[in-house]
Amino acid sequence: MRSSWADSVAAAETAAAGSTANNSSAGNNSARTRSTYVPPHLRNRAPSSDPPAPVYSSSTSGTDGSGYGAPAGGNRWGGPRNDYNNRSGYSSGGRGGGWNNRTGGWDRGREQEVNPFAGIENAVEEVGEQENSGINFDAYEDIPVETSGDNVPPAVNTFAEIDLGEALNQNIRRCKYVKPTPVQRHAIPISLGGRDLMACAQTGSGKTAAFCFPIISGIMKDQAAQRRPRGRVAFPLALILSPTRELSMQIHEEARKFAYQTGVKVVVAYGGAPINQQLRELERGVDILVATPGRLVDLLERARVSLEMIKYLALDEADRMLDMGFEPQIRKIVEQMDMPPPGVRQTMLFSATFPKEIQRLASDFLASYIFLAVGRVGSSTDLIVQRVEFVHESDKRSHLMDLLHAQKANGVHGKQALTLVFVETKKGADSLEHWLCMNGFPATTIHGDRTQQEREYALRSFKSGNTPILVATDVAARGLDIPHVAHVVNFDLPNDIDDYVHRIGRTGRAGKSGLATAFFNENNASLARPAS
DNA sequence: AAAAAAT
């Protein structure tokens, strides 16, 4: 039996207390050198005390609009951040002109930063005021949060309280983040303070921003991050590991938004995609590398990536990675290559649960860490309406059909009523998808037997509402943040209650309400009562 | 028993 969240909290408090007690001052040195809180009345001014960090010096006069063609007054690029521009592989000089000119001389590939805000979410029409931000902030009030450890930095209530820099603040506005989510309120000050962090929280709670903001801000402020020669070996400053390719892609997309026009370069590497393109991307320079463990080990063995310069390490969905048997790869990456040890680098470990194996990982990877547990947002108990229906195996398809027809009849537009159907097997996914299509319901499927290209296409097609039904195996169960999933159907029940919770967590995201239906029959007897 | 992940 897995430990519950409450157990995790309890267990972790002892663990965290024990691990921090003997090592209270280590790892704090970097914290002192970072700049800190700026009171509200001093914000949006040039921080005169810190001339060498000019990123923060100008808030551009123009409203930035699309991000392109905006730097009229500011010229963030040409000016003060030359060190950075050079380092990340942009040619220096003529910056402003080149930037505004999309067909300019050097816009092949990604040499030009693509505006990440022209994203897929625009494909789905926004409804109503509340949805514009994508997050229902009211749902975040009264989320239980626990922290433990030595000298926990106080939480913040607004982004403005945190000195993230103007470029990052602008991206936060572009993302329409109004105020920090609970995990952000606590985790960002902890990370900005240079402390290691063990956090129990789910994706969709704002976790990605919680670890990206401090990393990006830290890289921007780091005077020591001088330009390095570009070459065959890439030297990322930050590494983000995640269990599945799609989750890595998603983190990469988000991180690119947060890093837009900061000069911080984010690159993603995962399997199933041609490695050459990823190698080229790495050669152009990388600050933050987002990767799945297998592909990263490959890159390390080819000596195309060195972890020598790593200052920030984030492990996302750590429990999932262990479940999937990645512990050897992860230990190899973190402990047996050239990555700086705990205390020298800064490490953030995120996990939905906190069982023994994760506790061990935490004590091995983290130094003097702070434990943070954030209650679930849109948890199974409040925002997701759950139904369990007894359906014989042979009736499942027609029953699903009834549900889909009812949904249609309720006048939900195809575009917004995305339905995610979980099945047990890859074969089952294929055949159900086929059957749905045959019966007039545009569906697609995602599972581990499909090529990466097919998987990515399926996800895009689903998100855009093109095929508003996605049949999935557990590859999609955790972490994926798909907006507008109105209904999760557990066509086949998962074997494990944790998986169930994660699956239905695909709906009711970001504080919106959702519906979850599970088909239950005699085959699932083992789930009906705790089988221990 | 199944799923995921490097080729």
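Side chains are part of it too, since the values below use all heavy atoms of this structure and drop only hydrogens, waters and symmetry mates. First the proteins, then the strands, lettered A, B, ... as listed; each starts at 1.
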* Flag for Gln250(A)-Glu246(A): side-chain donor and acceptor within less than 3.5 Å -> no

* Side-chain contact test, heavy atoms from C-beta onward, threshold under 4.5 Å: evaluate it for Val267(A) versus Val290(A) and give yes or no. => no

* Residue pairs fulfilling salt bridge (charged side-chain N to carboxylate O under 4.0 Å, His left out) with at least one residue in residues 330-343 of chain A, sequence neighbours excluded -> Glu301(A)-Lys332(A), Glu327(A)-Arg331(A), Arg331(A)-Glu335(A), Arg331(A)-Asp364(A)

* To do: Please examine the side chains of Leu241(A) and Thr292(A), heavy atoms only from C-beta on, and report whether any two atoms are closer than 4.5 Å.
  => no

* For Thr444(A), what residues pass the side-chain hydrogen bond (donor to acceptor under 3.5 Å, both in side chains) criterion, not counting sequence neighbours? -> none

* Asked: Nucleotide by nucleotide, 5' to 3', does protein get under 4.0 Å of the base (B), only the sugar-phosphate (S), or neither (-) in nucleotides 2-7 of chain B, counting heavy atoms?
  -> SSBBBS

